[in-house]
Protein chains: 2
Amino acid sequence: MTPPDTPLIPSRREVRRKDRRDAILSVAQVYFLEHGFADTTMSGIAAELGGSKGTLWKYFPSKEALFAAVVERAAKAYQGRLSQILDPHGSLEPTLQSACRSLIEKVTSPDASALHRLIVAQGRRFPELSKIFFDLAPQNTRLLLADFLHGAMTRGQLRSADPIDAARALLSLSLSGCHQQMLIGRIDRPAPNEIAADAAFAVDIFLRAYAPQSRPQPDAAIV
Amino acid sequence: MTPPDTPLIPSRREVRRKDRRDAILSVAQVYFLEHGFADTTMSGIAAELGGSKGTLWKYFPSKEALFAAVVERAAKAYQGRLSQILDPHGSLEPTLQSACRSLIEKVTSPDASALHRLIVAQGRRFPELSKIFFDLAPQNTRLLLADFLHGAMTRGQLRSADPIDAARALLSLSLSGCHQQMLIGRIDRPAPNEIAADAAFAVDIFLRAYAPQSRPQPDAAIV
DNA sequence: GAAATAGCGTACTCTATGGTACGATTTTAT
DNA sequence: ATAAAATCGTACCATAGAGTACGCTATTTC
């Protein structure tokens, strides 16, 4: 009865297939993040999955394809929920600080930094993947933040300037502490108070540099 | 005659050996930078070298050992000559700008960024190497710069603050442009004017944030 | 000049792993 | 119920590359 001939109602097979595919990606992601590209084995993934190798190749025609799928999926999941925090009605400094804190927290999670490492590592082999990832993740965050800063500028809370540049400055300041340490491998996880300190530092510098009508008087020559 | 029994006079053999070792490292470096760790083959290095594989293992007991040696050597070579540029007598802004420019230039050279990528990529497998590298390279630069900034602070050219933090801020601002783009793989080489622009931007923000006695309060009027 | 040493070339072993083949079994669709 | 599709398990293939063995030659030392 009611033959589901439209693609709108996914058949049981299709559902199952999607589930299976997702399961594969999850297992693969763990492996890739943990071991990197070269040291992840298809056999290992298949074993962990419980299925057979043949099935694996039925879903992904090669290791590279699987890797690409993992990265794309992870990149999408990476997208930040920064927008909620960036409330234009709150007062500026606390808003920025909590935004930065939240960003740093996210970006210093073990998964996120492992992903970052992985992408950078394979940047030569999969240049398109880097692009996808960095378009989805940092680029997106920057735009969100730039938009917010633009608002603050028009409200006179900040001096007028290129909001994209301003966002870049704030972001890079935010990530110059724990995050760097993590990527370097010098620390495993930042302490919460370090995150707060990084955020406070970044916002402090940022606000000094972008205070309304603040113009430093040293030897001019700023074009 | 005059048997050179002291180790001070290196025998011809020792010289030769050192040369050979260095040649191996050079070839290996090219390979590693170009292909990463996993995709560099010992056989390939041996072939390029012209020698035999046996010789290779006579110098380095394993691929990992060779890799470590390459990184250590490269890291040492990486150390910056920033000190010459940081002349305490010049006026502040141009000095900082040229220092930043020079840094960005160095750090965005294909070799440097390939090295950076390599280290980050292998950070899990060789944590000690990351430490060596990042102690030698950015850490060193930061200290040099911090020292200079400290001087500028005591001379009243900058407000008093933690010079290390200040150096961190300036560096992270400097590297937030082309350098990021490069690591991401979005560009291959930065145009010279982009480098200058990045430096100018960083120094501008930095000077605004670290201007002497500049407080974000608009009504200042403090001498 | 003789002994030690280093290096060369080549062939070889061993292991890991991406990817395939295939018959048996289960699940889904009708 | 029955045919088609998906999965499973397992054995297998092909390749690649780290590391070894070994006999021959060139260089260095004394």
Side-chain angles (χ1 to χ4, degrees), chain A residues 1-28 31-32 34-70 122 125-126, chain B residues 1-28 31-32 34-70 122 125-126:
Chain A
M1 58 203 82
T2 62
D5 39 9
T6 87
L8 296 181
I9 300 168
S11 72
R12 211 182 281 184
R13 250 191 200 141
E14 280 161 339
V15 169
R16 196 182 145 89
R17 190 167 173 80
K18 208 166 165 46
D19 284 357
R20 197 81 178 121
R21 188 187 143 94
D22 229 60
I24 294 177
L25 287 178
S26 295
V27 172
Y31 266 76
F32 279 125
E34 188 73 21
H35 307 296
F37 181 79
D39 293 347
T40 292
T41 74
M42 296 294 267
S43 310
I45 293 173
E48 173 89 18
L49 202 63
S52 93
K53 290 175 72 174
T55 308
L56 200 46
W57 266 272
K58 206 146 203 171
Y59 280 90
F60 302 96
S62 73
K63 186 182 179 181
E64 306 208 338
L66 176 57
F67 179 72
V70 165
Q122 299 300 325
R125 197 197 308 242
F126 306 95
Chain B
M1 59 204 86
T2 63
D5 39 11
T6 87
L8 296 180
I9 300 168
S11 72
R12 210 182 282 183
R13 254 192 196 138
E14 281 162 340
V15 170
R16 196 182 146 87
R17 189 167 174 80
K18 207 167 165 49
D19 285 357
R20 196 79 178 122
R21 188 187 143 95
D22 229 59
I24 294 177
L25 287 178
S26 296
V27 172
Y31 265 77
F32 278 124
E34 187 74 20
H35 306 296
F37 181 79
D39 294 346
T40 292
T41 73
M42 295 293 269
S43 311
I45 293 173
E48 173 89 19
L49 202 64
S52 94
K53 290 174 72 174
T55 309
L56 200 46
W57 266 271
K58 208 148 201 170
Y59 281 90
F60 302 96
S62 73
K63 187 181 179 182
E64 305 209 337
L66 175 57
F67 179 72
V70 165
Q122 299 300 324
R125 200 198 305 245
F126 305 95

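Treat the numbers as computed from the prediction; the structure is a model and nothing was measured. Here is how names work: the chains are called A, B, and so on, in the same order as the sequence lines, proteins then strands, and each is numbered from 1.
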- Task: Just compare dG18(C), dG7(C), dT7(D) and give me whichever is closest to any side-chain atom of K58(A).
- Result: dT7(D)
- To the nearest Å, give me how far apart CH2 (W57(A)) and P (dA6(D)) are. 19 Å
- hbond_proxy K53(A) side chain to dG19(C) base (donor-acceptor, 3.5 Å cutoff): yes
- Item | Atom pair CD1 (I45(A)) and CE (M42(A)), whose distance is rounded to the nearest 0.5 Å | 6.0 Å
- Note on the structure: Nearest heavy-atom contact between A38(B) and A38(A) is CB-CB, 3.4 Å
- Task: Examine dC8(C): is either OP1 or OP2 under 4.0 Å from a nitrogen or oxygen in the side chain of T55(B)? Give yes or no.
- Result: yes
- May I ask you to check if K63(B) and F37(B) form a cation-pi contact, with NZ or CZ under 6.0 angstrom from the six-membered ring centre and within 45° of the axis? yes
- Query: dC14(C) P sits how many Å from M42(B) CE, rounded?
  - Reply: 20 Å
- Item | Proximal nucleotide (of dG19(C), dG17(D), dT7(D)) relative to the T41(B) side chain | dG17(D)
- If you look at every heavy atom in T40(A) and Y31(A), which pair is closest and at what distance? OG1-O, 3.2 Å
- Message: At 4.0 Å (heavy atoms only), tell me whether G54(B) reaches a base, stays on the sugar-phosphate, or touches nothing.
- Response: nothing
- Item | D19(B) CG to dG7(C) P, straight-line distance once rounded to whole Å | 11 Å
- Query: Of the nucleotides dC8(D), dT20(D), dT7(D), which one has an atom closest to the side chain of S52(A)?
  - Reply: dC8(D)
- Looking at the side chain of R16(A), which of dG19(C), dG19(D), dT7(D) is the nearest nucleotide? dT7(D)
- Once you round it to whole Å, what is the distance between P of dA5(D) and CZ of R17(A)? 13 Å
- Would you verify whether the NZ or CZ of R21(B) falls within 45 degrees of the ring axis of F60(B) while also being under 6.0 Å from that six-membered ring's centre? no
- Reckon Y59(B) has a side-chain N or O less than 4.0 Å from the OP1 or OP2 of dA6(C)? no
- Query: Think R20(A) has a side-chain N or O under 4.0 angstrom from the OP1 or OP2 of dC8(D)?
  - Reply: yes
- Atom CZ of F60(B) and atom P of dA18(D) are separated, to the nearest Å, by 15 Å
- Please state how far atom CG in D39(B) lies from atom P in dG17(D), giving the value in whole angstrom units. 8 Å
- Query: Looking for any heavy atom pair under 4.0 Å, which part of the strands does G50(A) touch: base, sugar-phosphate only, or nothing?
  - Reply: sugar-phosphate
- Nearest-Å distance for atom pair NZ/P, residues K18(A) and dT28(C): 18 Å
- Message: Measure CG/L56(A) against P/dT10(D) and give the value in whole Å, please.
- Response: 17 Å
